[in-house]
Number of protein chains: 2
Amino acid sequence: MKELERRLLEKQINLTAMRLVVLDYLVKQTNAVSLTDMELSLEKTDRVTLYRSVKTFEEHGLVHRIDDGTGVTKFALCQPACTIDGHHDLHVHFYCINCQETHCLPKAQIPEVKLPCGYERQETSLLVKGLCSECKK
Amino acid sequence: MKELERRLLEKQINLTAMRLVVLDYLVKQTNAVSLTDMELSLEKTDRVTLYRSVKTFEEHGLVHRIDDGTGVTKFALCQPACTIDGHHDLHVHFYCINCQETHCLPKAQIPEVKLPCGYERQETSLLVKGLCSECKK
DNA sequence: AAACAACTGCAATCGTAGTGCATTTATTTC
DNA sequence: GAAATAAATGCACTACGATTGCAGTTGTTT
Ligand SMILES: [Mn+2]
Ligand SMILES: [Mn+2]
Ligand SMILES: [Zn+2]
Ligand SMILES: [Zn+2]
């Protein structure tokens with residue numbers, strides 16, 4: 001439990017019961033989750049509070065949001081490098097069209113992209129859709 | 001005008017007045033557009049009909065949809081290679097955080113991504129956010 | 001011209017994101 | 001430790017894009 005608290009404090013996020021519950025849930029996930037996922041798994045939690053908890057986490061560099069093309073935003077824990085000053089992780093995300101799960105692929109870094117002259121890059125996201133290793137079998 | 005008709009027939013899309021209007025609009029755009037953009041620009045058009053026209057265009061490989069992270073789907077004409085059998089264009093998309101326009105960057109191809117063992121790629125999308133050449137000046 | 005298929009337009013629904021505000025809980029100040 | 005202040009929470013409600021149902025229209029076929 002101390003581990004969860006440490007993780008919040010490390011990112012300068014005030015401790016609350018709710019946030020500990022949310023973080024506890026997030027660390028147990030093997031794939032990215034939506035607000036609805038959380039809402040269904042964590043009984044007795046208000047969606048808006050979840051929304052704001054995750055938003056706080058995101059602003060402090062504890063979680064990042066993932067747009068997997070489904071129209072529903074997913075969230076997952078960040079790599080340690082992310083701080084309140086910004087997200088500094090550039091990994092690929094994968095959406096399985098069979099099981100419909102969204103995974104972070106931290107080992108697959110997003111390659112540098114050559115932009116046309118005059119364009120300035122600030123963020124890059126790369127999404128691959130296909131079959132995950134489980135569904136491929 | 002014949003040009004527009006040819007373009008629809010080429011993709012095996014039946015000709016209708018509405019579809020010609022929509023295509024005419026699309027070919028004049030320099031950036032990706034949302035349904036709302038079309039709705040506002042093309043007076044006297046029903047949003048649902050636009051929705052279905054664009055959907056048909058997409059299914060026949062005439063336009064592709066772009067998820068630029070704003071939560072609103074954008075559309076743009078495809079490169080010629082796309083057919084009813086699928087979209088075969090792998091270019092980068094750019095969202096300008098200043099002018100909020102979304103551009104296709106057909107000259108910036110998406111590099112190949114190494115996936116973890118067992119994953120099968122089917123589609124890839126790469127979005128860069130930043131400042132476009134106009135807004136950078 | 002009857003029969004059929006494709007297309008269109010209006011109404012209505014769905015689902016997620018987001019805001020406002022009052023209440024509760026935690027922290028600071030005296 | 002009580003009052004004042006700030007932060008967090010929960011409920012109600014709004015906003016808006018996506019999508020469906022269905023009836024009416026238009027276009028084709030025989
Ligand atoms: Mn991730
Ligand atoms: Mn494009
Ligand atoms: Zn899968
Ligand atoms: Zn711009």
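Each chain gets a letter, A, B and so on, in the order its sequence line appears, and its residues count up from 1.
Rounding to whole angstrom units, CZ of residue Arg52(A) and P of dC11(D) are separated by 12 Å. A straight line from CE of Met38(A) to C1' of dG10(D) spans 18 Å, rounded to a whole angstrom. Rounded to an integer number of Å, the gap from CD of Glu39(B) to P of dT8(C) is 15 Å. A straight line from CG of Leu50(A) to C1' of dA17(C) spans 14 Å, rounded to a whole angstrom. The interatomic distance linking Asp46(A) (CG) with dG18(C) (C1') rounds to 13 Å, in whole Å. The interatomic distance linking Lys55(B) (NZ) with dC7(C) (C1') rounds to 14 Å, in whole Å.
Rounded to the nearest 0.5 angstrom, Ile97(A) CD1 and Glu123(B) CD are separated by 7.5 Å. Atoms CD and CD, on Gln12(A) and Glu10(A) in that order, are 10.0 Å from each other to the nearest 0.5 Å. In this structure, SG on Cys135(B) lies 9.5 Å from OH on Tyr119(A), to the nearest 0.5 angstrom.
For the pair Lys2(B) and Glu5(B), the salt-bridge criterion is met [side-chain N within less than 4.0 Å of a carboxylate O]. Salt-bridge check for Glu3(A) with Arg6(A): passed, with a basic side-chain N closer than 4.0 Å to an acidic carboxylate O.
By the ring pair (Phe, Tyr, Trp, His ring centres under 6.0 Å) test, His64(A) pairs with His91(A), His93(A), sequence neighbours left out.
Checking side-chain atoms of Lys11(B) against main-chain N and O of Glu59(B) turns up no donor-acceptor pair under 3.5 Å. Within the 3.5 Å criterion, the main-chain N or O of Lys74(A) finds no donor-acceptor partner in the side chain of Arg65(A).
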Got a list of protein N/O to nucleotides 16-19 of chain D N/O distances below 3.5 Å?
unit_1  : atom_1 : unit_2   : atom_2 : d
dA18(D) : OP1    : Thr73(B) : N      : 3.2
dA18(D) : OP1    : Thr73(B) : OG1    : 3.2
dA18(D) : OP2    : Arg47(B) : NH2    : 3.4
dT19(D) : OP2    : Tyr51(B) : OH     : 3.1
dT19(D) : O5'    : Tyr51(B) : OH     : 3.1

Return the polar atom pairs (N/O with N/O) between nucleotides 4-8 of chain D and the protein under 3.5 Å, or none.
unit_1 : atom_1 : unit_2   : atom_2 : d
dA7(D) : O3'    : Asn14(A) : ND2    : 3.3
dA8(D) : OP1    : Asn14(A) : ND2    : 3.0
dA8(D) : OP1    : Arg19(A) : NH1    : 2.7
dA8(D) : OP1    : Arg19(A) : NH2    : 3.3
dA8(D) : O5'    : Arg19(A) : NH2    : 3.4

